[in-house]
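Atoms within each ligand, like the ligands themselves, are counted from 1 in listed order. Everything quoted here is computed from the prediction, not taken from an experiment.
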Amino acid sequence: MSTHKKIQAIKGMKDILPEANNAIEQSDFWMAFEQVIRKWSQSFGYRNIRTPVLENTGLFVRSIGDATDIVEKEMYTFIDSLNGDSLSLRPEGTASCVRAVLEHNLLYNNPQRLWYIGPMFRHENTQKGRYRQFHQVGAEALGFKGPDVDAELIAMSYDLWCRLGLADCVSLQVNTLGQKEERQAHRAALITYLEQHQDILDEDAKRRLYTNPLRVLDTKNPALQEMAENAPKLREYLQEDSLAHYQTFLSMLDGLGIPYIENHRLVRGLDYYNLSVFEWVTTDLGAQGTICAGGRYDGLIEELGGKPTPAAGFAMGIERILLLLEQKGGLTDYITPPDIYIIQQGEGAPLYALQTAQQLRAAGFNVIQHASTTSFKTQLRKADESGARFAVILGENEVKDQLITIKDLRQEHPQQTLNINDSINQFNIWK
Ligand code: ATP
Ligand code: MG
């Protein structure tokens, strides 16, 4: 026995394994989800982008904003000991996407529809649906003014719920954040209002009162709900253009038949949003109910050094989607056992098994070959446990005659000894 203490994974960061007792730690579910994602993103003409998980801290401070939860307290930031640069593990995907697009000039006369998938890092309190390394899939439409593209993003996210069988357990909330100048006029009124309620504000609200008062509206504290509900509404400060954008956006959702709820307190945690914002929420995951969030962020590209360019996007939390899928029982068909398990024993059998396995794979079957020799009985048990539909049995006679014995492990069919081509035909008939 080793006397060394085992090293464990970091709190809030999960291994994803071939076998696990829940969906978010089981790799089959991730792979199945990713397959759906590939087809789905392609069907909307979005193209894949992959950026590093580590970026200069300044990228996130400038884009997400320093008065946000993420930048204030959730980022994994450290100094690169080689050159003293401040680096951060990415807490979200949009900033990196925009950085890469600008760095490689992809927007030159060319709008872009992009999607990404990958791990994100936030140092938060872990609980069900909230982790320190979690995964997002996101889409960004860069260079389109909308509101048609805003509606396309909603149609796209809705299409994914339909593909996953989740359309019935999620609902869409929408709002508009107007433009910066409009928010500034509202902000003054909001601060005055919040100051009048100083005595009931909690720590978070007090901290945000002057840095990010809009976020106070999105408080989850039950004691503040009535106060937040009665606060001055941003809507009342919007000019014609912002209102028109919002109305067209909503009428497109109506035309698409996608139901939504207007929530004037939906503000989003990141600073870079304007105009349309939205969240897909579910009541089936307890406190961690938001599975997808997004909106328009027309100011970000300029903020990061590009020419002023409109943009919009969304990000989804994959763990929360998998938890929801698991709860709906919609995941069991994703585990795919091998088609064939090869059992082998005797002189020449290991090599013959390797060769046979290759021929069967070339014919399109997924094949596991028993490695090392144990009794036929043990091997048959392994074949059964693997979930394989068929077994191939190779002993000395099969090697000598260059034939294979095939057995249906799941249905009553007589065992047969055939050449490889006839075996392949027989498997296809039995299937
Ligand atoms: P929340 O209010 O739940 O903290 P957020 O506003 O911080 O969410 P976004 O930055 O908009 O979240 O990220 C988009 C989505 O990513 C969220 O709706 C959620 O599904 C998922 N997500 C965010 N943080 C986490 C986390 N720590 N663990 C798991 N999923 C997360
Ligand atoms: Mg958060």
Once you measure the plane-to-plane angle for Phe249 and Tyr246, does it fall in the parallel (<30°), tilted (30-60°) or perpendicular (>60°) bin? tilted
Nitrogen or oxygen of Gln136 less than 3.5 angstrom from that of ligand 1: yes
With respect to Ile70, determine whether any N or O atom, backbone or side chain, lies less than 3.5 Å from an N or O atom of ligand 1. no
From atom 17 (C) of ligand 1, work out which of Thr126, Thr290, Ile321 has a heavy atom at the shortest distance. Thr290
Nearest heavy atom to atom 19 (C) of ligand 1: which of Glu74, Arg122, Arg320 does it belong to?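 Residue with the shortest heavy-atom distance to the ligand atom: Arg320.
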Donor-acceptor side-chain pairing of [X] and [Y] below 3.5 angstrom:
{"X": "Tyr297", "Y": "Glu140", "value": "yes"}
{"X": "Thr248", "Y": "Ser251", "value": "no"}
{"X": "Ser242", "Y": "Glu182", "value": "yes"}
{"X": "Ser88", "Y": "Thr77", "value": "yes"}

Taking 4.0 angstrom as the limit and counting only heavy atoms of [X], give me the atoms of ligand 1 inside it, by number and element.
{"X": "Ile291", "value": "20 (O)"}
{"X": "Ala315", "value": "14 (C), 15 (C)"}
{"X": "Ala293", "value": "11 (O)"}
{"X": "Gly317", "value": "15 (C), 16 (O), 20 (O), 21 (C)"}

Applying a 4.0 Å heavy-atom criterion (strictly less than), which segment of Glu124 is in contact with ligand 1: side chain, backbone, both, or neither? side chain
Answer yes or no for Arg296 and Phe278: cation-pi contact, defined as NZ/CZ to six-membered ring centre under 6.0 Å and angle to ring axis within 45°.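 No - Arg296 does not lie over the ring of Phe278 by the 6.0 Å and 45° rule.
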Any heavy atom of Arg130 sitting closer than 4.0 Å to ligand 1? yes
Return the set of residues passing side chain to side chain contact (heavy atoms under 4.5 Å, CB included) with Val53 (not counting sequence neighbours), or none when no residue passes. Leu89, Arg90, Pro119, Phe121
